[in-house]
J.: 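First, the structure itself, so that you have it in front of you.
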Number of protein chains: 2
Amino acid sequence: MDTQSLVFAKAIADETRQQIMSHLCCVWLSVTDVVDKLDGKVNQPTVSHHLKVLQDAGLVFVRQEGRIRWYTLNQERVTMCCGQLVSQFAPDYAASIIPVSAIEQR
Amino acid sequence: MDTQSLVFAKAIADETRQQIMSHLCCVWLSVTDVVDKLDGKVNQPTVSHHLKVLQDAGLVFVRQEGRIRWYTLNQERVTMCCGQLVSQFAPDYAASIIPVSAIEQR
DNA sequence: TTGACATATTGACGCTTATCGATATGATGA
DNA sequence: TCATCATATCGATAAGCGTCAATATGTCAA
């Protein structure tokens, strides 16, 4: 069976991780930044752990700069994984959400 | 925060549940049918448990007929939840996967 | 009504995982 | 080199969850 949809699902199946994803959407943040954004909900080792899970799932980009490690959300990956989920579990609807680009080529 | 995406993610974040979803895609099956399809992987109470999780997440339709309870996958719900995920976590891509119907109305 | 079938529920068990404190690793500036 | 900052890793703990055997509930046919 396809393990990709499972890895994706497990990665996003946690509230803290979804909050981290929200904060990493469209911006680059350091680990400390993320900890601050979560405002005391969890501490630094926990954030590092979640970032590793997200990284293993290919859901974040990482960029090292000096002693700071910058993270941002991989929106394309999210889109692809969701597209795969629809293909697998909503084939009757898959055709209706194909990319605009593919339509405008008609 | 939005709890909808979390319920959906948790519901699909299990291999057995994803297999059940695959088997329930486009067809109506009884609990016994699903147990048979899984071919000994898990037994009946476990299947009932998973079906309840899927039902609580709104991911299956249920239809009672005599002593048989028929289940099928709610593909529209899958599509909506995936759309919500993209809106939340891939806003830069959300515009490029809007429904064809919305495009053809231009 | 009774027995058989279909499904749900319960309680227990074990595994996974989220979390933390403590510590290690790594990089920078003085 | 040394102190400091940023992040990762480790070990322990607790909570969540998937699974099963046993049993309960519900439905139908005889």
Side-chain angles (χ1 to χ4, degrees), chain A residues 1 3 5-24 27-74, chain B residues 1 3 5-24 27-74:
Chain A
M1 90 162 275
T3 185
S5 296
L6 193 57
V7 171
F8 173 67
K10 284 177 181 283
I12 66 173
D14 178 82
E15 185 181 14
T16 302
R17 226 136 52 211
Q18 285 202 4
Q19 290 175 346
I20 291 175
M21 289 173 70
S22 292
H23 288 126
L24 290 180
V27 295
W28 289 86
L29 294 182
S30 68
V31 177
T32 304
D33 289 339
V34 174
V35 173
D36 292 345
K37 292 270 185 187
L38 291 175
D39 199 32
K41 190 196 183 189
V42 293
N43 56 14
Q44 179 265 315
T46 301
V47 170
S48 282
H49 163 69
H50 286 310
L51 287 172
K52 179 165 173 52
V53 174
L54 293 175
Q55 186 178 354
D56 289 346
L59 289 172
V60 290
F61 291 119
V62 192
R63 179 165 54 91
Q64 182 107 23
E65 198 171 286
R67 54 186 165 185
I68 293 182
R69 195 170 283 197
W70 300 98
Y71 289 89
T72 195
L73 191 60
N74 183 349
Chain B
M1 87 165 277
T3 186
S5 296
L6 193 57
V7 171
F8 173 67
K10 283 176 181 283
I12 66 172
D14 179 80
E15 185 180 14
T16 303
R17 229 140 46 212
Q18 285 201 5
Q19 290 175 345
I20 292 175
M21 289 172 69
S22 293
H23 288 126
L24 289 180
V27 296
W28 289 85
L29 294 182
S30 68
V31 178
T32 305
D33 289 339
V34 175
V35 173
D36 292 344
K37 292 269 186 187
L38 291 176
D39 199 32
K41 190 195 182 190
V42 293
N43 56 14
Q44 178 266 314
T46 300
V47 170
S48 282
H49 163 69
H50 286 311
L51 287 171
K52 180 166 173 50
V53 173
L54 293 175
Q55 186 177 354
D56 289 347
L59 290 172
V60 289
F61 291 118
V62 192
R63 181 165 52 91
Q64 181 107 24
E65 198 170 285
R67 54 186 164 185
I68 294 182
R69 194 172 284 197
W70 299 98
Y71 289 88
T72 195
L73 190 60
N74 183 349

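Naming: A, B, ... by sequence-line order, numbering from 1 per chain.
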J.: Could you state the atom-to-atom distance from CG of B/L38 to C1' of D/dG18 in whole Å?
T.: 13 Å

J.: Measure from CD1 on A/I68 to P on C/dT28 and round the result to the nearest Å.
T.: 10 Å

J.: Which residue is it: A/L54, A/V47, A/L24, A/V27? I am looking for the one with a side chain to side chain contact (heavy atoms under 4.5 Å, CB included) to A/Y71.
T.: A/L24

J.: More 5' along DNA chain D: B/G40 or B/Q64, using each one's nearest nucleotide?
T.: B/G40

J.: Below the 4.0 Å mark, does D/dA21 have OP1 or OP2 next to a side-chain nitrogen or oxygen of B/N43?
T.: yes

J.: Atom CG of A/D14 to atom C1' of D/dC17: distance rounded to whole Å?
T.: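 The distance from CG of A/D14 to C1' of D/dC17 comes to 14 Å, rounded to the nearest Å.
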
J.: So, taking the atom named CG in A/D33 and the one named CH2 in A/W28, what distance separates them when rounded to the nearest 0.5 Å?
T.: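 Result: 13.0 Å between the selected atoms.
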
J.: What residue among A/R17, A/Q19, A/Q18 forms side chain to side chain donor-acceptor pair (under 3.5 Å) with A/H50?
T.: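 For A/H50, the side chain to side chain donor-acceptor pair (under 3.5 Å) check succeeds only for A/R17.
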
J.: How long is the straight-line distance from CG of B/L38 back to CG of B/N43, given to the nearest 0.5 Å?
T.: 10.5 Å

J.: What is the distance from CG of A/L6 to P of C/dT16, rounded to the nearest Å?
T.: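 It is 14 Å, rounded to the nearest whole Å.
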
J.: In whole angstrom, what separates B/E15's CD from C/dC15's P?
T.: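 Computing the B/E15:CD to C/dC15:P distance gives 17 Å.
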
J.: To the nearest Å, give me how far apart CZ (B/R17) and P (D/dC17) are.
T.: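 Spelled out: CZ on B/R17 to P on D/dC17 is 9 Å.
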
J.: Just the rounded figure in Å: distance from P of D/dT7 to CZ of A/R63.
T.: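 From A/R63 CZ to D/dT7 P: 13 Å.
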
J.: Atom CG in A/L6, atom OG1 in B/T16: separation rounded to 0.5 Å?
T.: 9.5 Å

J.: May I have all residue pairs that pass side-chain hydrogen bond (donor to acceptor under 3.5 Å, both in side chains) and include part of residues 55-66 of chain A, sequence neighbours excluded?
T.: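 Listed by first then second residue: A/R63-A/E65, A/Q64-A/R69.
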
J.: When you check the phosphate oxygens OP1 and OP2 of C/dC5, does a side-chain N or O of B/T32 lie under 4.0 Å from one of them?
T.: no

J.: Please write out the pairs of protein N or O atoms and N or O atoms of nucleotides 8-13 of chain D separated by less than 3.5 Å, giving the distance to one decimal.
T.:
{"from": "D/dA8", "atom 1": "OP1", "to": "A/R69", "atom 2": "NH1", "distance (Å)": "3.3"}
{"from": "D/dA8", "atom 1": "OP1", "to": "A/Y71", "atom 2": "OH", "distance (Å)": "2.5"}
{"from": "D/dA8", "atom 1": "OP2", "to": "A/S48", "atom 2": "OG", "distance (Å)": "2.6"}
{"from": "D/dA8", "atom 1": "N7", "to": "A/Q44", "atom 2": "NE2", "distance (Å)": "2.7"}
{"from": "D/dA8", "atom 1": "N6", "to": "A/Q44", "atom 2": "OE1", "distance (Å)": "3.1"}

J.: Quick one: pull up OG1 in B/T3 and NZ in B/K10 and give me the separation to the nearest 0.5 Å.
T.: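 It is 9.0 Å, given to the nearest 0.5 Å.
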
J.: When you get a sec, tell me which of C/dT17, C/dT19, C/dG26 is the closest nucleotide to the side chain of A/V42?
T.: C/dT19

J.: Return the value, rounded to whole Å, for the distance between atom CZ of A/R67 and atom P of D/dT7.
T.: 10 Å

J.: Side-chain N or O of B/T16 versus OP1/OP2 of D/dT19: is the shortest distance under 4.0 Å?
T.: yes

